[in-house]
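Step one of this worksheet: look at the structure below.
Model, not experiment: these values are computed from the prediction. Ligands are counted one by one from 1 in listed order, and the atoms in each one are counted from 1 as well.
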Amino acid sequence: MRAGFHGLGLRRIGTGAATLPQAFPPDFVWGVATSAYQIEGAADQDGRGPSIWDRFCQQPGAIADGDDGRVACDHYHRWAQDLDLMVDLGVAAYRFSVSWSRVQPAGAGAWNAAGMDFYERMVDGLLARGLKAAMTLNHWDLPQALQDRGGWTERDTVHRFVDYAQGMAARLGDRVAWITTHNEPWVMATLGHETGHFAPGQRSRAAAMQVAHHLLLSHGLALQALRAQGCRSALGIVLNLSPVEPATDSAADAAQARLDDGRLVRWYMDPLFSGCYPQDVLDWLGADAPHVAADDMDSMRQPLDFLGINYYSRSVASADGSWNVAQGGLPLSAMGWEIYPQGLTTLLLRLARDYAVPPMVVTENGGAFPDQLQGGRVHDVDRTQYIASHIAAVGEALRLGAPMAGYMVWSLLDNFEWTSGYAKRFGIVHVDYATQQRTLKDSALWYRAFLKTQREAPAAIARGN
Ligand code: GCO
């Protein structure tokens, strides 16, 4: 793959925003990503049980404008049309997630045939269109029934997840190219259980660390179980990672950056690749460190067929907490996140240097910007520049030796952006929530044109053009 990239040379096309390597390897996988709760809607239909996000959205003040995912993009009913959009864009792969409570409403025991059928129809629909399926098992929407029994703080949930993973793989493992166990365990642990910003809204550092441990453990045990049952899908996990940079060159900020890196990056990467938790973080946690049973660390470290990385911005550490994004001097997205594509190159190279990483896929990257739909067009120059510059950053990491295998835009559609509700739009396709009409934004048109150059590039070079 790396050789392929070098072999194609570095002829460049201008985007106005960034310079892109003209040709990624021919087998580099380009895709778009979504998640179940953010797009499906049909929350009460065909036997779906409630998830922790359904419950969380009911808490007054939890979500901007009191929004929820009950209807979202109505993808449950419009999936075929949405798959057609992907064909139109020319992507090779679609990363989606399964709503656990749709297929197994209580998170244990009985399966819901109608829910399973939905994902089967959708996966068959992808294959019929020549698209690869990248299935995520857990994109945050734990069945509420399991939360009522303690959720991810309870070790029993680990075993429930393994059963669920086995059920999904038994049904769809012959057709999905990739299976991801968890999406962003840091978010579920930290935002869900330490700061309480996300479902289930708990506020305990000890609980959060136990959750992180159970997520990693259930990942490892699920991989073992899926391999034991002969699942042939590529198996991996998706982490949200960032380079952590000190706000100043003071020793205190450097120490803070090291700790933050430990909590965000090494807490997840070290057990997956080295079979241990970072000692500096364990020391800092003290009594809040998770309970780890005898074989857990071995169970967690399973060979990965791929590693998914979600990247949006860098992280900046200041010991006194005084740093503010405005000080960075970088442009910001509508989320208030710094736009920092070179951080993605830095991150990918660091992972490749410090760990024996498998092929890496950027499984999410994109931006929310204030879009205007006018005359059937959305001129989202900022988003287009964001995506183009981050694809260039991936190309740079690849050129410098990181084993990059794919890139997926977050997101195909505007969708339910968690606590921001529908106010923040990440889609390259605009969704009119009143009519459910989809409109390709300029960023989608750009991505389509870019992917066309990628398909044509090898032939063009072979012809010596
Ligand atoms: C994530 C999230 C997405 C968010 C996106 C933008 O995995 O971080 O999967 O669900 O919508 O990150 O905040």
- Message: I'd like to know if R149 and E154 make a salt bridge, using a cut-off of under 4.0 Å between side-chain N and carboxylate O.
- Response: no
- Task: Give yes or no for whether the N/O distance cutoff of 3.5 Å, strictly under, is met between S35 and ligand 1.
- Result: no
- Task: Take H213 and D296 through the side chain to side chain donor-acceptor pair (under 3.5 Å) test and state the conclusion after the steps.
- Result: CA-CA 9 Å; H213 179 68; D296 287 2; 2.7 Å; yes
- Task: Using the side chain to side chain donor-acceptor pair (under 3.5 Å) rule, take H139 and T180 through it: C-alpha gap first, then chi angles, then the decisive distance, then the call.
- Result: CA-CA 9 Å; H139 201 122; T180 291; over 6 Å; no
- Query: Can you check whether H75 and F96 have ring centres sitting under 6.0 Å from each other?
  - Reply: no
- Item | Heavy-atom nearest option to atom 7 (O) of ligand 1, drawn from L191, N183, L239 | N183
- Give the residue, atom name and distance (to 0.1 Å) of the protein heavy atom nearest atom 5 (C) of ligand 1. Y312 OH, 3.2 Å
- Message: Just to confirm my output: which protein heavy-atom neighbour is closest to atom 9 (O) of ligand 1, and how far is it?
- Response: H139 NE2, 2.5 Å
- Parallel, tilted or perpendicular: ring planes of F198 versus W140, cut at 30 and 60 degrees: tilted
- Under 3.5 Å: N/O of N415 near N/O of ligand 1: no
- Query: Between the side chains of D82 and Y94, does any donor sit under 3.5 Å from an acceptor?
  - Reply: no
- Item | Contact (N/O only, under 3.5 Å) between W140 and ligand 1 | no
- Item | Element-labelled atoms of ligand 1 that are located less than 4.0 Å from some non-hydrogen atom of E364 | 1 (C), 2 (C), 3 (C), 5 (C), 7 (O), 8 (O), 9 (O), 12 (O)
- ligand 1 and W337, any nitrogen or oxygen pair closer than 3.5 angstrom? no
- Of all protein heavy atoms, the one nearest atom 10 (O) of ligand 1 is Q38 OE1, 2.6 Å
- Query: What do we get for M335 next to ligand 1 when only non-hydrogen atoms under 4.0 Å count, side chain, backbone, both or neither?
  - Reply: neither
- Task: Identify whether the distance between the nearest side-chain nitrogen and carboxylate oxygen of D371 and R383 falls below 4.0 Å.
- Result: yes
- Query: Do NZ/NE/NH1/NH2 and the carboxylate oxygens of R171 and D117 come within less than 4.0 Å?
  - Reply: yes
- Can you tell which part of N310 has a heavy atom less than 4.0 Å from ligand 1: side chain, backbone, both or neither? side chain
- min-distance protein heavy atom vs atom 13 (O) of ligand 1 -> E417 OE2, 2.5 Å
- Item | Sidechain-backbone polar pair: D414 side chain, G427 backbone, donor-acceptor under 3.5 Å | yes
- Give the numbers and elements of all ligand 1 atoms closer than 4.0 Å to a heavy atom of E184. 1 (C), 7 (O), 8 (O)
